[in-house]
Amino acid sequence: MKTQILIAALFFSGLVAAQQKKDSLKVNTIDAVNIKKQVFKKQGDRLIYDVASSPIAKGTNTFNLLKQTPMISSIDGKTLKILGKSDAIIYINNKKTNMDAEALIEMLKSTPSEDIQKIEVITVPGSEFQVESTEGVINIVMKKNKNNGYNGTIKMQNEHGYYNNPSAGASFNFRQNKWSGNSNFRTGTWTERQKYSLSNGDPTFRNESYGFNNDPNTNFSGGFNLDYEINKKQSLGFSYNMRYNKSFNSVLDITNWQNGILTNRTINNEDAQTRNHSFNLNYEIKTDSLGSKLTSNASYLWFNRDKVSFNESFPLTNDTINKYSALHQSVPQIINNYAANIDYLKKTAKGATWLMGISYNHTNTDNDTKQDKLVKGEFVIDPNQTNHFIYKENILGLYINYERKLTEKLSGKIGARYEMTRSTGDIVDKTGFERNYNNLLPYLNLNYAINSDHNLSYTFSSRIRRPRFWELNPSRTYFTPTNYTQNNPFILAAKYYNQELNYMYKNAFYANLSFTMVEDAMATDLIPLQGTVTAPKKDGDGNIIHDIKGNPIMETTKFLRYIRTNYGKSRELGLTLGMNKSWFKDIWTTNYSVNLGYISFKGAVLEDPTSMPVPGETEVIDPYIIDVKNYNMSATFNNIIRLSSKKDWFLGVNYFFASKTAMEAGTIGVRQSFDISLKKIIGDWTIVAEVNDLFNQSYYRVEGVQPNGSYNNITNFYYPRLLNIGVTYNFGNQKLKKAREIKSANDAVKSRT
């Protein structure tokens, strides 16, 4: 806690020192400062980073640029976080991107930073945005030059971690009179290597598992946008995106000990394929000269994942409990989504803005899980784990926003989103449910520009978080026969209430205070349920063993089941102190932030809602009590140093630290990452070499202990140190205006696949 207080004091001392500069400057000096363009500023409900005026936005890509943007961070090179915690939803020119997460990251890495005008960070989005829970929005505004012609980018990259992982991508843009378009294609292979250490038990029992996972992947992804300007007021657009990923011969190898005795070894072989196709048709008409417009979209999404696995467990001792066992499993998932929306943006002569809209989503998921188990040397259907789950969901959304400047210093935005959800789940021939609920989600933002140096804003928002479709599919993923994850079709949507107070000083220093309340909270991670199953003892042929009186002999087996479920409520208070500033005539650019947090989780999981009674067996679940209070801290220090006067050599030095953080399933250990990069610009070529997590310190480990003494510890080491070497070539007319980015009607559904 002393470290947290010290860092906070350093930031506040910077604010005080900056304020102590008196207004004794000459008038001409003040004028010179005023005409210099602001790189970082607060405007309404968002913070704006003017990339075109920043010295670091040369010769890099959009993803690296986002990592250097205030309030945004990434420690794994695959995801972006806002304020160190909230997931980031990417918009381009106020339109949500129409692709899956991995394809989106590759697109950002292949987009030159020179194409970007500014980046807007919206920590608490308004009612018009399709976001859930505490998700924030990053809106990337592209430059708008209208030259005819074409341009493109070719990028090759080699990433070396435990294995060598090459990839390549290309993008092409064109504009000719009324037609414009862009396309992209990416391909790559990578093999993920992970090392596991699992331990769980209670004062009378100890189970330990150690092993590794090799997961080879090959993927192809791409898409195109076409836009036709019918006339000066009307535009028609069509977009298509696809992604295919193949993961064959994935191997999970786990060795198990019970009470210090070597018992068995489990090997799981898995083949999986994922296909994703999405289409969107867009029509837009401008209704007046003030910027009012009507926008409509019709979308279709098809998602398919096929997964088959073969799990074998080999006994390593001559005991009667741990016998050879095996199972086959097939877990397919097919998602069809049809969506449409209409938005009307109305601007008035007095500067006010109205936004009204309606959206509709229909989603059908089909999950036909089959599982066989070995009985008497033959594989037979396991009726308890074989199920056909069909889930249908209809969401109708109505939303309205009103925004205007109230005085010279005070502006506001108020809105609401009303969502009607109708859903049914049917586990064929077993059970089913129906859920109908309505949610009114209000929004308020007030922004007060105290003077040219000080800005204060307050935001309130309410959101819900629906379970992802794969979380609902009632299937298992096995580590061992008694240690596995269990999905849950009975999860309820969680309700979020977000508040935020933001202060900015001289467009360089900022403080952000946030508070989040969650009802019907879902665990951030899986809940580890421990328990026992008592069943008749069987011989090697599957026959029940009886005693001399003819009664079946019963045996008890312990299990650890990681489950997704609601548990109760959570509260989170956070304070972020940040600074974005350039020094020594832009030679050294800094982006520093410190996040201080207090979290509280309270609730319990007393039963497994997915358990189905099995004749002759008795299952007992140990209650899982959640009563967590925790202080935590994280810090990000990003530095870009220009090494030459020609602005063609740059050095990057970044550091990330996160203290121990308590979650519902336990306490996550300390994580840190030290990254360095070197960039060379040669005309239209950019060469980058970087090392991420030089000291291998950002892996995942969690320790959890219950009041009754039962515990669950996990260490997942995924070899985070990566060496990247990338070469990018930009060709064609670099002042070309990009095609109009289209907002798809089913964007909200894509994030749940």
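Atom NZ of Lys346 is surrounded by more than 12 heavy atoms from other residues, nucleotides or ligands within 6.0 Å.
Look at Arg463 and Glu132 and you find no salt bridge, because none of the NZ, NE, NH1 or NH2 atoms lies under 4.0 Å from a carboxylate O. Remark: Glu128 engages Lys413 in a salt bridge, criterion side-chain N to carboxylate O under 4.0 Å. In summary, Asp693 and Arg721 do not engage in a salt bridge, as defined by a charged side-chain N under 4.0 Å from a carboxylate O. With respect to Glu120 and Lys118, a salt bridge is recorded, a charged nitrogen being found less than 4.0 Å from a carboxylate O.
Put simply, the side chain of Gln697 gets close to the backbone of Phe695: a donor and an acceptor are under 3.5 Å apart. No donor-acceptor pair under 3.5 Å is formed between the side chain of Lys405 and the backbone N or O of Ser411. Side-chain atoms of Ser180 never come within 3.5 Å of backbone atoms of Arg175 as a donor-acceptor pair (strictly under, hydrogens ignored). Under a 3.5 Å cut-off, the side chain of Thr407 and the backbone N or O of Leu410 do form a donor-acceptor pair. Put simply, the side chain of Ser73 never gets that close to the backbone of Met71: no donor and acceptor are under 3.5 Å apart.
The minimum heavy-atom distance linking Asn654 with Asn639 is given by the pair OD1-N, 3.3 Å. Closest approach of Ile138 and Ala88 over heavy atoms only: CD1-CB, 3.5 Å. Closest non-hydrogen pair, Phe731 versus Ser171, comes out as CZ-O, 4.5 Å. Contact between Ser582 and Asp586 at its shortest, heavy atoms only, is CB-OD1, 3.2 Å. Taking each heavy atom of Gly223 and Asn241 in turn, the nearest pair found is CA-OD1, 3.9 Å. The two atoms that bring Val124 and Ser461 nearest to each other are CG1-CB, 3.3 Å, heavy atoms only.
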Any chance you could lay out the ring-ring contact (aromatic ring centres under 6.0 Å, His included) test for Tyr497 and Phe515, step after step, and finish with the verdict? CA-CA 8 Å; Tyr497 304 92; Phe515 179 64; over 10 Å; no

side-chain hydrogen bond (donor to acceptor under 3.5 Å, both in side chains) for Asn638 and Thr636? Distances and angles first, verdict last. CA-CA 6 Å; Asn638 293 335; Thr636 301; 6.0 Å; no

Taking it one step at a time, do Asp87 and Lys81 satisfy salt bridge (charged side-chain N to carboxylate O under 4.0 Å, His left out)? CA-CA 5 Å; Asp87 290 332; Lys81 295 286 186 180; 2.6 Å; yes

For Gln499 and Thr459, what are the C-alpha separation, side-chain angles and deciding distance, and is it a side-chain hydrogen bond (donor to acceptor under 3.5 Å, both in side chains)? CA-CA 6 Å; Gln499 296 187 75; Thr459 308; over 6 Å; no

Should Leu456 and Asn502 be marked as a side chain to side chain contact (heavy atoms under 4.5 Å, CB included) after you check the CA-CA gap, both sets of side-chain angles, and the distance that decides it? CA-CA 6 Å; Leu456 187 67; Asn502 181 275; over 6 Å; no

Determine, stepwise, if the pair Val727 / Trp685 fulfils side chain to side chain contact (heavy atoms under 4.5 Å, CB included). CA-CA 7 Å; Val727 179; Trp685 294 84; 3.6 Å; yes

May I have the step-by-step check of side-chain hydrogen bond (donor to acceptor under 3.5 Å, both in side chains) for Gln672 and Tyr655, ending in yes or no? CA-CA 7 Å; Gln672 55 186 325; Tyr655 177 70; 2.6 Å; yes

Using side chain to side chain contact (heavy atoms under 4.5 Å, CB included), reason through Tyr344 and Ile400 one step at a time and then give a plain yes or no. CA-CA 10 Å; Tyr344 180 56; Ile400 184 170; over 6 Å; no

What verdict does the side-chain hydrogen bond (donor to acceptor under 3.5 Å, both in side chains) test give for Arg186 and Asn184, after you've listed the backbone C-alpha separation in whole Å, the side-chain angles of each residue and the deciding distance to 0.1 Å? CA-CA 7 Å; Arg186 292 166 297 279; Asn184 58 78; 2.8 Å; yes

Step by step, would you call Ile90 with Ile140 a side chain to side chain contact (heavy atoms under 4.5 Å, CB included)? CA-CA 8 Å; Ile90 304 296; Ile140 302 170; 4.0 Å; yes

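In this model, no donor atom of one side chain and acceptor atom of the other lie less than 3.5 Å apart for Tyr505 and His454. Remark: the Thr728 side chain and the Lys155 side chain contain an N/O donor-acceptor pair separated by less than 3.5 Å.
Atom OH of Tyr91 sits about 6.0 Å away from atom CZ of Phe129, to the nearest 0.5 Å. Between the CD1 atom in Ile116 and the CG atom in Leu108 there is a gap of 8.5 Å [rounded to 0.5 Å]. One finds the OG1 atom of Thr576 at 7.5 Å from the CG atom of Leu596 (value rounded to the nearest 0.5 Å). Going from atom CG of Asn507 over to atom CG of Leu47 covers 9.5 Å, rounded to the nearest 0.5 Å. Rounding to the nearest 0.5 Å gives a distance of 4.5 Å between CD of Glu690 and CG of Asn724. Here the CG-CG distance, from Asn512 to Leu501, works out to 8.0 Å after rounding to the nearest 0.5 Å.
Looking only at side-chain heavy atoms (C-beta outward), Asp343 and Leu345 stay at 4.5 Å or farther from each other. Residues Leu575 and Leu577 have side chains in contact (heavy-atom distance under 4.5 Å, counting atoms from C-beta outward). Side chains of Ser462 and Tyr496 form no contact here, defined as non-hydrogen atoms less than 4.5 Å apart. Using a 4.5 Å cut-off on side-chain heavy atoms (C-beta onward), Val121 and Arg46 make no contact. Counting only heavy atoms from C-beta outward, the side chains of Arg642 and Trp649 never approach each other to under 4.5 Å. Between Ser593 and Tyr510 the shortest side-chain heavy-atom distance falls below 4.5 Å. The side-chain heavy atoms of Asn595 and Met633, taken from C-beta on, include no pair separated by under 4.5 Å. In this structure the side chain of Leu513 reaches within 4.5 angstrom of the side chain of Leu573, judged on heavy atoms.
With Phe650 as the partner, the side-chain contact (heavy atoms from CB on, under 4.5 Å) test is satisfied by one option alone out of Ile641, Thr589, Leu678, Ile681: Ile681. Applying the side-chain hydrogen bond (donor to acceptor under 3.5 Å, both in side chains) test between Asn730 and each of Asp684, Asn151, Thr686, Thr153 identifies Thr153 as the sole match.
Under the 30°/60° scheme for interplanar angles, the aromatic rings of Phe637 and Tyr592 are found to stand perpendicular.
Looking at residues two or more places apart in sequence or on another chain, you find no salt bridge (Lys or Arg N to Asp or Glu O under 4.0 Å) involving Lys581.
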